[in-house]
Number of protein chains: 2
Amino acid sequence: MLKHKPDLIDRKILREIQQDAAISNLELADKVGLSPSPCSRRVKQLEDAGIIKRQVTLLDQEALGLPLTIYVHVSMQTQETARLENFELTLQNFEAVQECSLITGSDADYILKVVMPDMAYYEHFLLKQLNQIEGVASIRTSFALRRVISRTTLPLGHLND
Amino acid sequence: MLKHKPDLIDRKILREIQQDAAISNLELADKVGLSPSPCSRRVKQLEDAGIIKRQVTLLDQEALGLPLTIYVHVSMQTQETARLENFELTLQNFEAVQECSLITGSDADYILKVVMPDMAYYEHFLLKQLNQIEGVASIRTSFALRRVISRTTLPLGHLND
DNA sequence: GGTGAAAAGCTTCGTGT
DNA sequence: ACACGAAGCTTTTCACC
């Protein structure tokens with residue numbers, strides 16, 4: 001899906017705004033070596049091309065009282081479409097679930113990343129919510145001891161000419 | 001780490017700006033039922049309290065030619081501190097690594113989430129980069145067949161009075 | 001915390017190169 | 001396609017209620 005292949009300046013723009021969405025067009029233009037007008041034009045084009053999705057504010061997990069990050073591997077009894085759909089739909093209701101992917105190459109079917117205030121909350125989530133969903137066969141829990149890398153910036157190196 | 005416990009209005013603010021960092025203070029104030037001045041005051045307080053970290057722009061993985069999301073479980077030969085530190089430091093150089101956590105409750109030591117343009121890139125990453133790091137014992141690869149949930153918004157429900 | 005006004009900043013044009 | 005410059009607007013920031 002590479003309709004609008006970003007050139008060198010586009011990539012500079014993307015690099016900057018990925019790190020800081022609050023940057024003004026003026027400062028952005030300066031950093032990428034452009035004047036404000038063509039810079040904002042390029043940003044708009046990148047939005048229209050669907051490359052720029054949206055701007056979000058990142059909060060601090062610890063400061064909000066969510067020190068626990070947990071990776072959960074979920075296996076399903078069957079791979080029936082209806083079962084999977086129901087599982088995925090139910091999961092949408094749990095705000096603690098930051099990520100969920102259907103995966104292959106593992107004994108599990110889904111991998112989840114969830115954040116929690118403490119163990120009591122996780123126990124409740126595990127036994128009363130996740131484990132209650134129809135079709136769940138087994139669950140394996142991995143606690144994150146330490147966050148080594150946590151990035152929202154996508155790599156752009158593969159776009160080089 | 002709950003120095004400044006956010007009240008109801010704070011939580012409304014956090015909910016809004018988590019979803020859209022581009023919202024103006026005027027519109028934000030309106031949405032949370034405040035006038036602009038106290039609203040911006042609260043946002044500043046939340047920043048000072050370390051609850052608000054920063055604003056970022058999210059890009060589209062597919063539009064950028066990065067259709068592959070891969071979860072990688074890495075086991076280390078030993079848990080020697082120096083080895084782990086070297087592994088973690090080396091990993092910082094790989095922009096494709098979106099997340100990396102040291103985990104327990106699994107046979108693996110680290111779980112990684114990486115994004116890739118295609119299989120050839122991943123093969124290179126796996127054999128020439130990840131596998132070359134001192135102390136890596138074994139690597140298990142799980143391809144994401146489908147992204148079910150991908151959120152950057154932290155849950156706030158546990159803060160309710 | 002609300003209201004108002006002033007000041008500062010940004011974005012957006014048009015024009016020219 | 002980019003640079004420059006002016007106009008117009010929004011936003012932030014006070015002082016005061």
(message) C/dT12, OP1 or OP2 - any side-chain N/O from A/Lys44 closer than 4.0 Å?
(response) yes
(request) To the nearest 0.5 angstrom, please state how far the CD1 atom of B/Ile9 sits from the NZ atom of B/Lys12. (result) 7.0 Å
(message) Rounded to whole Å, please give me the gap between CD in A/Glu27 and C1' in C/dA8.
(response) 16 Å
(message) Return the CG to CD distance between A/Asn25 and A/Glu27, rounded to the nearest 0.5 Å.
(response) 10.5 Å
(message) How many whole angstroms separate atom CG of B/Asn25 from atom P of C/dC10?
(response) 17 Å
(message) Can you measure A/Leu26 atom CG to C/dA8 atom C1' for me and round it to whole angstrom units?
(response) 13 Å
(request) Only counting residues at least two apart or in another chain, list the ones meeting salt bridge (Lys or Arg N to Asp or Glu O under 4.0 Å) with B/Arg151. (result) none
(request) Describe, in one word, how the ring planes of A/His73 and B/His73 are oriented to each other, choosing from parallel (under 30°), tilted (30 to 60°) and perpendicular (over 60°). (result) tilted
(message) I'd like to know if B/Glu99 pairs up with A/Lys113 as an ion pair, taking the criterion as any Lys NZ or Arg NE/NH1/NH2 lying under 4.0 Å from an Asp or Glu carboxylate oxygen.
(response) yes
(message) Out of the candidates A/Lys5, A/Arg42, A/Arg15, only one should pair with A/Asp10 under the side chain to side chain donor-acceptor pair (under 3.5 Å) rule; please name it.
(response) A/Arg42
(message) Please say yes or no: joined through hydrophobic side-chain contacts below 4.5 Å, possibly via intermediate residues, are B/Leu84 and B/Ile103 part of one cluster?
(response) no
(request) Can you measure from CG (A/Leu59) to CZ (B/Arg54) and round to the nearest 0.5 angstrom? (result) 11.5 Å
(request) Please list all pairs passing the ring pair (Phe, Tyr, Trp, His ring centres under 6.0 Å) test where one or both residues lie in residues 88-107 of chain A, with sequence neighbours left out. (result) A/Phe94-A/Phe125
(message) For chain B and DNA chain D, what are the first and last nucleotides along the strand, 5' to 3', with at least one atom under 4.0 angstrom from a heavy atom of the protein chain?
(response) D/dT11 to D/dC14
(message) Measuring only between side-chain heavy atoms, which start at C-beta, is A/Leu68 closer than 4.5 Å to A/Pro117?
(response) no
(message) With a 4.0 Å limit, can you tell me whether A/Arg41 has a side-chain N or O closer than that to the phosphate oxygens OP1/OP2 of C/dT11?
(response) no
(message) Are A/Leu156 and B/Val115 linked, directly or through intermediate hydrophobic residues, by side-chain heavy-atom contacts shorter than 4.5 Å (ILVMFWY only)?
(response) yes
Considering only nitrogen or oxygen atoms on both sides, find all protein atoms under 3.5 Å from nucleotides 4-6 of chain C and state each distance.
none

(message) If you take the centroid of each ring, where Trp contributes its six-membered ring, are B/Tyr122 and B/Phe143 closer together than 6.0 Å?
(response) yes
(request) Taking atom CD of B/Glu123 as the centre, report whether more than 12 heavy atoms of other residues, nucleotides or ligands fall under 6.0 Å from it. (result) no
(request) Please report how far the helix from C/dG1-D/dC17 to C/dT17-D/dA1 bends, comparing the axis fitted to its first five pairs with the axis fitted to its last five, to the nearest 10 degrees. (result) 30°
(message) Just to be sure I understand the geometry, which residues of residues 9-24 of chain B put a non-hydrogen atom under 4.0 Å away from DNA chain D?
(response) B/Ser24
